[in-house]
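Note sheet for the following structure.
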Amino acid sequence: MSETIVKPQSAAQGQPALRSLVMAYETPSILKSSYQIATSIGLFLVACAAMYWSLHVSYWLTAALTVPTAGLLVRVFIIQHDCGHGAFFRSRRLNDLVGQFCSLLTFTPYAQWRRQHNCHHRNWNNLDRREAGADIYSTCSTVAEYQALSRWGRFKFRVMRHPIMAHVVIPPLVFLFLYRVPFDTPKDWTRERWSVYLTNLSVVALLATLMLLFGFWQVLLVQIPVIAVTSIIGVGLFSLQHRFEGVFWARQGEWNSTTASIEGSSYFKLPRVLQWFTGNIGFHHIHHLSPRVPNYRLEACHNSLPELHVVKALSWRDAFRVIRLMLWDETNRQMVRFADVRAERRRKSPARP
């Protein structure tokens with residue numbers, strides 16, 4: 001932390017036409033969208049049926065099927081996400097209908113999540129325009145803000161962001177319980193608040209129907225593990241998108257959307273199978289350049305534009321290393337760990353006689 005880092009010229013500088021080049025990939029394909037629905041929602045429903053069938057064989061088999069089923073639900077969530085951006089179909093009505101159907105499977109209220117997520121797309125990596133809500137995954141605090149907290153405040157801050165708490169304990173609670181109430185939703189967001197209530201009623205009706213067909217405990221043994229694993233995977237991926245080594249965060253006077261897309265949003269290079277399950281979520285730098293590019297066109301966009309090849313790719317090894325990067329050091333312009341802050345404090349503290 002002590003050595004000031006001078007960053008090279010932004011990879012996005014001198015590329016005013018980059019956003020317009022990416023926008024050429026915004027047009028959705030009804031055939032590709034329909035195929036993705038079949039291979040995502042369709043296969044997810046088949047996988048759920050297989051899990052219910054496997055309960056009569058062995059719960060070990062049911063547990064083994066949980067991971068691929070959760071992977072398919074991540075893919076369903078990506079469709080819901082694209083619909084929220086108006087990227088999956090040309091028709092807004094069709095986007096909303098498909099997105100709302102996906103929300104019954106993901107337990108995530110469509111209209112509420114869409115509007116909150118779109119707020120993120122207006123201000124990401126902008127230190128002066130961070131949302132004041134409960135998001136601990138796509139935003140960050142500065143070292144100075146953390147150090148200004150009381151001892152108890154710093155302890156709570158660290159506990160909530162410990163990898164086990166933030167990436168294993170909290171995600172299932174968010175999807176199962178927090179999304180059941182209009183948290184972080186202003187009172188004048190009437191449509192979004194109703195989205196929460198109507199989603200809850202629809203989910204209850206769906207679960208009640210399944211319980212009549214398969215039994216109370218059988219439904220819990222299938223649906224809860226699937227939602228839990230899906231949330232852990234999804235939140236884990238989401239947390240890597242704006243906090244990594246070499247990331248760009250800035251105050252309003254230095255912030256611009258192109259630089260924040262190229263240097264402030266990650267390119268997480270996944271193996272082909274995982275890239276398929278996650279709906280090309282690794283190409284997040286392109287998604288921020290233009291949220292209306294459908295997920296199935298992100299890779300083609302990245303491959304065809306040499307201007308995007310300067311973006312450093314994150315690997316699985318990087319993912320496990322950067323998971324502890326929680327604070328932005330404004331002096332050195334880099335993400336740091338809590339351990340780095342403690343070490344710097346000890347270094348500056350006068351030695352005891």
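- For W255 and F248, the ring centers sit 6.0 Å or farther from each other.
- Not one N or O on the side chain of S33 forms a donor-acceptor pair closer than 3.5 Å with the backbone of I30.
- Residues passing the ring pair (Phe, Tyr, Trp, His ring centres under 6.0 Å) test with Y197, sequence neighbours excluded: W194.
- Listed by chain and residue number, R272, Q275, N280, F283, N303 satisfy the side-chain contact (heavy atoms from CB on, under 4.5 Å) test with E299 (two or more places apart in sequence, or in another chain).
- In summary, the side chains of S266 and Q241 do not present any donor paired with an acceptor at a separation below 3.5 Å, with no hydrogens or angles considered.
- The aromatic rings of H121 and H284 lie tilted to each other, with the angle between the two planes from 30° to 60°.
- In this structure, the separation between CH2 on W249 and CG on L327 is 11.5 Å, given to the nearest 0.5 Å.
- Applying the salt bridge (Lys or Arg N to Asp or Glu O under 4.0 Å) definition to pairs two or more places apart or across chains, those involving residues 139-154 are R130-E145.
- Taking the charged nitrogens against the carboxylate oxygens, R347 and E344 do have a contact shorter than 4.0 Å, which makes a salt bridge.
- To the nearest 0.5 angstrom, L308 atom CG is 8.5 Å from L21 atom CG.
- A distance of 8.0 Å separates CG in N295 from OG in S40, rounded to the nearest 0.5 Å.
- Here the CD-CG distance, from Q252 to N123, works out to 8.0 Å after rounding to the nearest 0.5 Å.
- Between the side chain of S304 and the main chain of A300, a donor-acceptor pair closer than 3.5 Å is present.
- Judged purely by atom type and a 3.5 angstrom limit, S58 has no side-chain atom pairing as donor or acceptor with the backbone of S54.
- One N or O on the side chain of N95 and one on the backbone of S91 form a donor-acceptor pair closer than 3.5 Å.
- T199 and Y179 share no donor-acceptor pair across their side chains, judged by distance under 3.5 Å alone.
- A donor-acceptor pair shorter than 3.5 Å can be found between the side chains of T106 and Q80.
- Between the side chain of S231 and the backbone N or O of A228 there is at least one donor-acceptor pair closer than 3.5 Å.
- In this structure W152 satisfies the side-chain contact (heavy atoms from CB on, under 4.5 Å) test together with S150, F155, K156, sequence neighbours excluded.
- Under the ring pair (Phe, Tyr, Trp, His ring centres under 6.0 Å) criterion, F101 pairs with no residue, sequence neighbours left out.
- Partners of R180 according to the salt bridge (Lys or Arg N to Asp or Glu O under 4.0 Å) rule, which considers only residues two or more places apart in sequence or in another chain, do not exist here.
- Within the 3.5 Å criterion, the main-chain N or O of R337 finds a donor-acceptor partner in the side chain of D340.
- In this view, H162 satisfies the ring pair (Phe, Tyr, Trp, His ring centres under 6.0 Å) rule with no residue, not counting sequence neighbours.
- Residue pairs satisfying the salt bridge (Lys or Arg N to Asp or Glu O under 4.0 Å) criterion with at least one member in residues 74-94, sequence neighbours excluded, are listed as follows: R92-D96.
- Side-chain atoms of H302 never come within 3.5 Å of backbone atoms of H309 as a donor-acceptor pair (strictly under, hydrogens ignored).
- Of the possible polar contacts, one joining the S29 side chain to the K32 backbone as a donor-acceptor pair under 3.5 Å is found.
- In terms of modelled atom types and a separation under 3.5 Å, the side chain of S265 and the main chain of H285 share no donor-acceptor contact.
- Relative ring orientation between F157 and Y146 is described as tilted, the plane-to-plane angle lying within the 30° to 60° band.
- Defined by atom type and a distance below 3.5 Å, a donor-acceptor pair is present between the side-chain atoms of Q112 and T185.
- Ring geometry for W124 versus H288: interplanar angle of 30 to 60°, hence tilted.
- Aromatic ring orientation, H81 versus W113: perpendicular (interplanar angle above 60°, classes split at 30° and 60°).
- The closest donor-acceptor contact from the side chain of N256 to the backbone of T259 lies under 3.5 Å.
- Between Y59 atom OH and T66 atom OG1 the span is 5.5 Å, to the nearest 0.5 Å.
- Note on residues 213-228: pairs passing side chain to side chain donor-acceptor pair (under 3.5 Å), not counting sequence neighbours, are Y52-Q223.
- Note: H85 and H287 have perpendicular aromatic rings, judged against thresholds of 30 and 60 degrees for the angle between ring planes.
- A donor-acceptor pair shorter than 3.5 Å can be found between the side chains of S257 and R19.
- Under a 4.0 Å N-O distance rule, the pair R251/E330 qualifies as a salt bridge.
- For R321, the side-chain contact (heavy atoms from CB on, under 4.5 Å) partners are E245, R317, D318, not counting sequence neighbours.
- Considering only residues two or more places apart in sequence or on other chains, Y110 meets the ring pair (Phe, Tyr, Trp, His ring centres under 6.0 Å) condition with none of them.
- Taking CG of L298 as the start and OG of S290 as the end, the distance is 9.0 Å to the nearest 0.5 Å.
- The side-chain contact (heavy atoms from CB on, under 4.5 Å) search around S239 returns Y137, H167, R243, not counting sequence neighbours.
- Checking E263 against N125 by side-chain atom types alone, no donor-acceptor pair falls below 3.5 Å.
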